[in-house]
Amino acid sequence: MLQVSQLKKLADYLWEIPASTRPGMLVPAYVYCKEEMLEHILSDRSLEQLINVASLPGIEKAAIVMPDAHEGYGFPIGGVAATRWPEGLISPGGIGYDINCGVRLLLTPLNYEDVAGKLELFSQELAATIPSGTGKGGEIKLAPEEMDEVLRMGAGWAVRNGMGNEADLAMIESNGCLINADPAAVSEQAKQRGYDQLGTIGAGNHFVEVDKVSEIFDESAARSFGIRKEQVVILIHTGSRGLGHQVATDYLRLMMNVMSEYHYKPRDRELAGVPFNSKEGQDYFNAMAAAANFAWCNREIITYEIRQAWQAVFNRSGDEIQLLYDVAHNIAKIEEHIVDGKPKKLIVHRKGATRAFGPGNEELPEKFRTTGQPVLIPGSMGTASYVLVGTNKSMETTFGSTCHGAGRTLSRTAVKKLVGGPQLKQALRDQGIFVEAGSWRGLAEEAPIAYKDIDLVVDTVHESGIALKVAKLKPLVVVKG
DNA sequence: ATGTAC
């Protein structure tokens, strides 16, 4: 276990683990964290895992963790690592099992006072309209050729089939479609697990949440995003369901078997990987892209379901609900960043980390060119969530990345010993929050006491400048699996 | 996160 004394304090929010700390580290590691939250990160294996990441073949500049970091499979969740294109390592552990787990924020034209009397009804309608829960499927059953179309097209498939709005597509990271996606690289088993899972939330920390905008920090960015105080907004957090999970499982197993052929011996077997430009590396990257497209299509169809529930409850057009933005926080992307003063093409792994591109970036839609991209950070259930904006500081220091959420401090088993589902639902109801939960156990596992303080996490990235606060959201309704 | 099991 690493000691505080092994961390070099660079600022109130930033620590360095020098490359000399362990043999084999190719680059230093950086920890974005306030001193008062350091105990969480030091209490599990996340920094040992970060040190392992700092020794991945081809890693550039640094291995980085965000303030919401905790231990994950191989890589810490809340981690960012960029390897040299095209021969650097690609490692499924650096993306995670839930490929393109991500967040999207919908903007409604109504304010809190307009919906206050109908919130309970809306929560029930949302729960009835959006399937949720482990292994749960929905109404849409994809034929094999339709599945391949979804994997190739991403969110555009939903639009083409009448379950999404054309205007949404520009407001999705990568337009909701990674063009290298290859359905042939995705196993039949993965496709089978996903064939009826479009339009479903899943379980764990996934949710649909109705919020009101409780505070504005940056008036000008908020106005440009179309966000105002008291406004009702809707947050979606989910990913690629069983399909993405199976893709990760398949390729981790494959890479464990072949990595020695590429003379790669990881410090931890969970860090299995292969050179990006190897056959297996390309197959994984193209399968990962297909799973990412499935997740974007999933969030687009959930948006369609929300628009229907809105129409049913408020007797207003669902099309008045606008998509602000949709961000991935478990993904690998090929991006150009400046390293040692020179532009370099990199394989950027983000695992529990959000892209936070700043003003002027060509990948952003016109609407966000002058502000930087919206960054959506959900807090733990019943606490707050945030809208931030990407910065050029993040481009310079964190490969254009920031945190992704509050970050767990207690395991699922540990928290269940401290709190029960019914008790938690009542406690949230007492705070004016309507909760619709698919299972008491699942609800208890997501209790806010199992998470870090979202305000501290967001303040850390704000002070460090790797994303700046725009608005704070307060939950009104939570729908969970 | 997850057909909470290879």
Side-chain angles (χ1 to χ4, degrees), chain A residues 44 46 49 68-79 91-103 131-138 141-142 147 186-198 200-208 236-257 269-270 272 287-288 291-292 294-296 298-299 302 327-332 349-354 378 380-381 404-416 421 437-447 450-451 480-481:
Chain A
D44 66 16
S46 51
Q49 292 183 325
D68 51 337
H70 57 104
E71 185 179 324
Y73 183 91
F75 277 61
I77 293 163
S91 174
I95 288 109
Y97 275 93
D98 189 5
I99 294 167
N100 191 5
C101 187
V103 187
S132 68
T134 316
K136 195 73 192 282
K141 323 274 186 201
L142 297 171
M147 171 59 88
V186 177
S187 70
E188 284 309 314
Q189 196 184 358
K191 291 172 184 173
Q192 204 151 15
R193 281 179 71 174
Y195 93 101
D196 67 345
Q197 292 186 325
L198 278 184
T200 69
I201 308 178
N205 61 4
H206 290 166
F207 61 75
V208 167
I236 303 167
H237 177 205
T238 188
S240 51
R241 310 286 282 98
L243 182 136
H245 191 276
Q246 191 61 45
V247 167
T249 305
D250 291 340
Y251 281 94
L252 276 164
R253 186 176 304 154
L254 173 69
M255 289 187 190
M256 280 189 185
N257 289 331
R269 274 184 68 76
E270 293 185 355
M288 182 218 73
F294 186 85
W296 273 314
N298 188 27
R299 292 197 287 273
I302 290 172
V327 295
H329 56 221
N330 281 10
I331 203 159
H349 298 69
R350 296 193 181 93
K351 182 189 197 176
T354 313
S380 57
M381 184 172 54
H404 86 307
R408 254 186 191 283
T409 56
L410 291 179
S411 72
R412 295 186 176 278
T413 34
V415 64
K416 275 181 287 190
S439 90
W440 289 124
R441 192 177 67 171
L443 186 71
E445 288 176 355
E446 292 302 317
Y451 283 86
K480 293 196 62 70

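This is a predicted model, so every value here is computed, not measured. Chain A is the first sequence line, chain B the second, and so forth, proteins listed ahead of strands; every chain is numbered from 1.
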Length of the line joining [X]:[atom1] and [N]:[atom2], which is rounded to integer Å:
| X | N | atom1 | atom2 | result |
| --- | --- | --- | --- | --- |
| A:K480 | B:dT2 | NZ | P | 10 Å |
| A:Q246 | B:dA5 | CD | P | 15 Å |
| A:R253 | B:dA5 | CZ | P | 15 Å |
| A:Q189 | B:dC6 | CD | P | 12 Å |
| A:Q197 | B:dT2 | CD | C1' | 9 Å |
| A:N100 | B:dT2 | CG | P | 13 Å |
| A:H245 | B:dA5 | NE2 | P | 11 Å |
| A:Y73 | B:dT4 | OH | P | 17 Å |

Problem - Below 4.0 Å: OP1/OP2 of B:dT2 and any side-chain N or O of A:R241 - result: yes
Exercise for the section: Side-chain contact test, heavy atoms from C-beta onward, threshold under 4.5 Å: evaluate it for A:L252 versus A:Y73 and give yes or no. Expected result: yes
Practice task
Determine the contact category for A:R441: base if any of its heavy atoms lies under 4.0 Å from a base atom, sugar-phosphate if only primed atoms, P, OP1 or OP2 are that close, otherwise nothing.
Solution key: base
Exercise for the section: Assign A:A203 to base, sugar-phosphate, or nothing according to its heavy-atom contacts below 4.0 angstrom with the strands shown. Expected result: sugar-phosphate
Problem - A:T134 (side chain) and B:dT4 (base): donor-acceptor pair under 3.5 Å - result: yes
Practice task
Please work out which of the three classes, parallel, tilted or perpendicular, describes the rings of A:F75 and A:H349, given edges at 30° and 60°.
Solution key: parallel
Exercise for the section: Could you check A:D98, A:T200, A:I236 and say which one makes a side chain to side chain contact (heavy atoms under 4.5 Å, CB included) with A:H206? Expected result: A:D98
Handout entry: Partner residues of A:H404 under the ring pair (Phe, Tyr, Trp, His ring centres under 6.0 Å) criterion, sequence neighbours left out
Key = A:H329
